Amino acid sequence: GLKIVTIGGGSSYTPELVEGFIKRYEECPISELWLVDIEEGKEKLEIVGNLAKRMVEKAGVPMEIHLTLNRKEALKNADFVTTQMRVGQLNARIKDEKIPLMHGMIGQETNGAGGLFKGLRTIPVLLEIAEEMQNHCPNAWLINFTNPAGMVTEALLRYSNHKKVVGVCNVPINMHMTIAKLLDVDLNRVHIDFAGLNHMVYGLHVYVDGQEVTNKVLEYLANPEIQMTMKNIAPLPWQKEFLLSLGVLPCPYHRYYYKTQQILNEELEAFKTGTTRAEVVKRLEDELFDLYKDENLSIKPPQLEKRGGAYYSDAACSLISSIYNDKKDIQVLNVRNNGSIQGIPNESAVEVSCVVTKQGPIPISIGELPPEINGLVQQIKSFERVGAEAAVTGSYEKALLALTINPLVPSDEAAKMVLDELLQAHKAYLPKF
Ligand code: G6P
Ligand code: MN
Ligand code: MN
């Protein structure tokens with residue numbers, strides 16, 4: 001059977017993953033799951049690891065669960081390595097969200113200033129893991145869920161020797177599910193061509209049984225009663241004429257760019273009431289871990305669906321199974337562009353529909369992005385590239401540049417102010433700066 005290593009195994013999301021592996025055990029027999037964490041995460045690792053053990057036992061699946069703080073030992077001869085950590089934990093996320101808000105900018109963990117800082121903290125750690133994989137499991141795939149997945153995948157593809165890297169996000173699968181439900185047809189009858197970047201992906205065309213229904217879907221989504229979103233993004237409705245003339249499906253995260261002022265107002269309100277997303281998630285996590293501690297619990301509790309990452313295991317587990325089984329099905333993944341989107345460098349990461357084979361995901365050729373969306377995608381790609389370079393080099397100037405070119409940062413002065421404050425706040429997790 002397969003050996004899977006999950007780094008950040010103490011995460012509250014682990015039961016999602018374990019459930020996904022249990023469901024697919026027949027087609028994808030995992031004999032060993034190694035949950036790895038660091039000293040600070042030891043307690044969480046034990047709680048969630050024991051739940052994982054109860055889950056496999058109850059399901060009657062012969063999957064061994066190992067808990068360890070020794071990453072290198074765990075990596076030996078792994079087939080797949082998944083990464084889901086949060087450097088600096090939720091307290092760092094609180095700073096990523098609140099400090100930009102104090103300067104009048106959107107505070108979000110994957111977009112704008114908060115996104116850059118999550119990248120600066122995370123990228124060096126993931127590069128180290130990729131390096132260790134070269135020594136201990138050079139043929140294993142690194143499947144990354146750690147945010148900001150776009151910038152992180154960009155950094156891994158450009159700066160690591162380990163090339164078997166895929167970034168995963170649950171946004172496309174959530175859009176796919178929502179649209180199938182809206183159209184009231186089975187998921188597998190709906191096909192969507194996805195292209196763009198992580199948390200900046202668009203549905204270019206929607207088909208049902210091969211018939212294009214893009215405009216019909218846009219009409220549905222223009223109804224203010226229907227708000228395709230995720231649990232972590234305020235369900236602000238799209239302006240109807242905008243959506244219809246855009247002609248493609250934006251993802252929930254596009255609200256940060258096309259509804260900047262409205263989202264900012266929502267966030268400032270949340271700041272006042274102590275209900276920023278990070279603070280809400282902190283309370284949710286406490287609740288979740290209380291549930292996980294209960295020895296009578298041996299399934300993934302439904303409360304986990306209050307998190308923005310609900311169903312991400314479907315994305316991750318189907319990816320592993322499709323590589324293992326050479327399924328050649330279509331999945332939306334963060335991979336090396338390789339010419340799939342014209343106008344983006346071959347070696348850059350894109351989030352795009354791929355055919356998943358034994359050799360890994362092969363991106364489907366999209367051609368040029370429509371001019372209506374190309375500009376924003378290019379600007380965010382620049383942000384990701386410069387941000388990744390800042391993370392690798394520890395360059396203050398590059399970090400400042402990344403912020404200044406980000407559309408959610410209003411000026412060079414604002415960029416410097418928020419940069420200096422975030423550098424100070426996250427000092428302990430930014431050894432390169
Ligand atoms: C979405 C994104 C994930 C992100 C999550 C945050 O699902 O795709 O990348 O981690 O939301 O959810 P949370 O519950 O932590 O706010
Ligand atoms: Mn995501
Ligand atoms: Mn079309």
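Each ligand, and each atom within it, is numbered from 1 in the order the structure gives. Only heavy atoms go into these numbers, but all of them, side chains included; no hydrogens, no water, no symmetry mates. Note that the structure is predicted; figures quoted are calculated from it, not measured.
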**Q.** Shortest protein heavy-atom distance from atom 2 (C) of ligand 1, along with the residue and atom involved
**A.** Tyr253 OH, 3.2 Å
Q) Numbering the atoms of ligand 1 from 1, which are under 4.0 Å from a heavy atom of Cys169? A) 8 (O)
Q: Give the numbers and elements of all ligand 1 atoms closer than 4.0 Å to a heavy atom of Arg307.
A: 13 (P), 14 (O), 15 (O)
Q: Find the distance between CD1 (Ile173) and OG (Ser318) and round it off to the nearest 0.5 Å.
A: 5.5 Å
Q. Should the pair Lys95 and Phe117 be classed as cation-pi, given the thresholds of under 6.0 Å to the six-membered ring centre and 45° from the axis?
A. no
Q | Atoms in ligand 1 flagged as close to Tyr13, the criterion being non-hydrogen separation under 4.0 Å | A | 12 (O), 13 (P), 14 (O), 15 (O)
Q: Would you kindly specify which portion of Arg93 sits under 4.0 Å from ligand 1, judged on non-hydrogen atoms: side chain, backbone, both or neither?
A: side chain
Q) Which ligand 1 atoms are under 4.0 Å away from a heavy-atom of Arg277? A) 13 (P), 14 (O), 16 (O)
Q | Element-labelled atoms of ligand 1 that are located less than 4.0 Å from some non-hydrogen atom of Met230 | A | 1 (C), 7 (O)
Q. In terms of the angle between their ring planes, are Tyr312 and Tyr13 parallel, tilted or perpendicular, with boundaries placed at 30° and 60°?
A. perpendicular
Q. So, Glu154 and Arg158, do they make that salt bridge, N to O below 4.0 Å?
A. yes
(Q) If the threshold is 4.0 Å, N to carboxylate O, is there a salt bridge linking Asp96 and Arg121? (A) yes
(Q) Students should be able to answer this: which protein heavy-atom is nearest to atom 9 (O) of ligand 1, and at what distance? (A) Asn147 ND2, 2.8 Å
**Q.** Cation-pi geometry met for Lys358 and Tyr324 (6.0 Å, 45°)
**A.** yes
(Q) Any salt bridge linking Arg277 with Glu97? Criterion: basic side-chain nitrogen under 4.0 Å from a carboxylate oxygen. (A) no
Q. Can you say whether the rings of Tyr253 and His199 are parallel (under 30°), tilted (30 to 60°) or perpendicular (over 60°)?
A. parallel
Q.
Under 4.0 Å, counting heavy atoms only: does Lys231 come that close to any atom of ligand 1?
A. no
Q | Taking atom 8 (O) of ligand 1 as the reference point, the nearest protein heavy atom with its distance | A | Asn170 OD1, 2.5 Å
Q | Atom of Gly247, atom of Thr214 and distance for their closest heavy-atom approach | A | O-CG2, 3.8 Å
Q: Check if Lys306 has a non-hydrogen atom at a distance under 4.0 Å from any atom of ligand 1.
A: no
Q) What atoms of ligand 1 come within less than 4.0 Å of a heavy atom belonging to Val171? A) 8 (O)
Q.
For Phe242 and Trp238, take the angle between the two ring planes, folded into 0 to 90°, and tell me which bin it lands in: parallel under 30, tilted 30 to 60, perpendicular over 60.
A. tilted
Q) Can you list the ligand 1 atoms lying under 4.0 Å from a non-hydrogen atom of Glu109? A) 6 (C), 10 (O)
Q) Taking only heavy atoms of Val281, which atoms of ligand 1 are found under 4.0 Å from at least one of them? A) 13 (P), 14 (O), 15 (O), 16 (O)
Q) When you measure from atom 7 (O) of ligand 1 to every protein heavy atom, which one gives the shortest distance, and what is it? A) Gly308 O, 2.3 Å
